[in-house]
Enquirer: 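Sharing a structure below in structure tokens format, with a few things to ask.
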Number of protein chains: 2
Amino acid sequence: MTAAHICSDCAVRDRALCASLDDAELNALNTLGQRRTLQRGQALIWAGEESPVCANLISGVLKLSATTPDGREQVVGLLYPADFVGRPWANTADFTVTALGEAELCVFPRGPFERVLEDHVRMERLLLQRTLASLDEARARMLTLARLSAREKLAGFLLDLADRSHGCRATAFGPVTFDLPLTRGEMADVLGLTIETVSRQLSKLKAEGAINLMGARGITIRDRAKLEASSQ
Amino acid sequence: MTAAHICSDCAVRDRALCASLDDAELNALNTLGQRRTLQRGQALIWAGEESPVCANLISGVLKLSATTPDGREQVVGLLYPADFVGRPWANTADFTVTALGEAELCVFPRGPFERVLEDHVRMERLLLQRTLASLDEARARMLTLARLSAREKLAGFLLDLADRSHGCRATAFGPVTFDLPLTRGEMADVLGLTIETVSRQLSKLKAEGAINLMGARGITIRDRAKLEASSQ
DNA sequence: CGTATCATTGAAATTTTTCAAATCTTGTGG
DNA sequence: CCACAAGATTTGAAAAATTTCAATGATACG
């Protein structure tokens, strides 16, 4: 956790909520924000607890998760750099926020941040538009979770990750290779499956030539068309 | 579809988004709004199509649904009176909006409505807060859809409906009786199950004495504690 | 009152999970 | 640099849950 960062140097200055602020406004916000680093597995917010912070994610990936009283878990959202973290105007958090890998955040105390939001219409509007988009995304994922088969879930998820990753490819339209940012267990939690089912479906997709697996994390999309056909 | 309605007579005047407007502002909005009635099964918005309207739901229940290309359906949200309908700032709709029973709406053309939102900070803030709440709800439902058993889904859903319904009860803490606002098929679409599974779980809950079924629609919560135990 | 729709129930099939055991990775300390 | 331990992944076999297919029964509406 370090202080004294300058917003103009921020990697997500133009993509986070702050993009709606001019330099003067940004300075005001700057005094509120604190840089913070989370290690893999470390949580920022716990479901059921008071959540005194909001944040912008600067680097890394966070998961939002819910659990049943008896411990079944479901990841209900993934957050990427420039995404907004937290829930303004709610005293207790509904979901746990955890880092999947090392992550950097710009953290604000919730109350003062709410006041900034209320004083800056453009920022509030941007948050509204993002929230509407997140809601659409969450609803689309309800269809996935409830109605797709394990194979369809996996294929679709791999395509998502491939599109988001800046993986390398040998030729312009050749196979993409990248590292999975999640373990099998985390993928299972995202897709509403078990580790074993995830592993079996990956093995099957590999056997069919749609993908290639190298080590635990490496993956190559070898036949995107086949993966797309499997995803639907 | 009738015109010339007065907002002050509106059943949801104090609960819909309009609650954020004073009488003068409301008059301006009034000239934009059109009353419209939907019949059971009739759609207001189709997924994938341009959606030129937003609305406030005045009476009845609407479903928001998504479908896979091969026709599997999932209800991703239910809307009740005073809820906001539609998706400002999106050209095409992601979800289909259909009336479960007869429903009354106050419909606005989307563009002008967006301008009203942009000009009325309090209304925009109220929509933001509702959207944040809907997002929490959608995420909570992701846990339900992905991780609960058929019995748990049914029990939880019946408790929800019971709490929302103004069903009658013989004594203050006695059993509640009400009519299910959905068919078995619609419940299946909400819970991510098949009609047959819904029917079987209801029969089982009845056999165990947790509920009673009368005809296709009538239901009595006979042992709430047992239903709660089954829901988790 | 008949007909179309909705609901229930049974039996078989399918999918996914659970339980159990290897096997592979990865990071660490010798 | 290698061996090893801890954790992660894969794979198999059996069990469980849900779906699918099929038939029958109930309800409601014209």
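Just so it is clear, the values below take in all heavy atoms, side chains as well, and ignore hydrogens, waters and symmetry mates. Every chain is numbered from 1, with letters handed out A, B, ... down the list of sequences.
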Enquirer: It should be established whether Arg184(A) places a side-chain nitrogen or oxygen under 4.0 Å from OP1 or OP2 of nucleotide dT10(D).
Expert: yes

Enquirer: Whole angstrom is fine here: how far is it from NZ in Lys204(B) over to P in dT8(C)?
Expert: 15 Å

Enquirer: Could you tell me the separation between the CD atom of Gln201(A) and the C1' atom of dT9(D), rounded to a whole number of Å?
Expert: 15 Å

Enquirer: Considering only NZ, NE, NH1 and NH2 on the basic side and carboxylate oxygens on the acidic side, decide whether Glu73(B) and Lys63(B) come within less than 4.0 Å.
Expert: yes

Enquirer: Is any NZ, NE, NH1 or NH2 atom of the basic residue among Arg139(A) and Glu137(B) found under 4.0 Å from an Asp or Glu carboxylate oxygen of the other?
Expert: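 Looking at Arg139(A) and Glu137(B), the cut-off is not met.
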
Enquirer: If you assign each of Ile195(B) and Gly215(A) to its closest nucleotide in DNA chain C, which residue comes earlier from the 5' end?
Expert: Ile195(B)

Enquirer: How long is the line joining CG of Asp179(B) and P of dA7(C), in whole Å?
Expert: 13 Å

Enquirer: Taking the nucleotide of DNA chain D with the closest heavy atom to each, which residue, Ser203(A) or Thr194(B), is nearer the 5' end?
Expert: Ser203(A)

Enquirer: To the nearest Å, how far apart are Leu205(B) CG and dA7(C) P?
Expert: 16 Å

Enquirer: Over how many whole Å does the gap from Lys153(B) atom NZ to dT18(D) atom C1' extend?
Expert: 10 Å

Enquirer: Between the side-chain atoms of Glu186(B) and the base atoms of dC6(C), is any donor-acceptor pair under 3.5 Å?
Expert: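 By the distance-only test, no, there is no pair.
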
Enquirer: Could you tell me how far apart Glu196(A) (CD) and dT15(C) (P) are, to the nearest whole angstrom?
Expert: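 After rounding, the gap between these two atoms is 18 Å.
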
Enquirer: Grab the CE-P distance between Met214(A) and dT9(D) for me, whole Å please.
Expert: 16 Å

Enquirer: Flag the pair Arg15(A) and Asp83(A) as a salt bridge only when some basic side-chain nitrogen lies within less than 4.0 angstrom of an acidic carboxylate oxygen.
Expert: no

Enquirer: Does any donor atom in the side chain of Thr131(B) or Ser134(B) lie under 3.5 Å from an acceptor atom in the other side chain?
Expert: no

Enquirer: So does Arg200(A) reach the base of dT18(C) with its side chain, donor to acceptor, closer than 3.5 Å?
Expert: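 Looking at the base of dT18(C), it does pair with a donor or acceptor on the side chain of Arg200(A) (distance under 3.5 Å).
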
Enquirer: Hey, do the aromatic rings of Phe108(B) and Phe84(B) have their centres closer than 6.0 Å?
Expert: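 That pair fails the under 6.0 Å test.
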
Enquirer: Can you tell me if Thr197(A) touches the phosphate of dT17(C), counting only side-chain N or O atoms and a distance under 4.0 Å to OP1 or OP2?
Expert: yes

Enquirer: What's the CG-P distance between Leu193(A) and dT15(C), to the nearest Å?
Expert: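 To the nearest whole Å, that distance equals 14 Å.
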
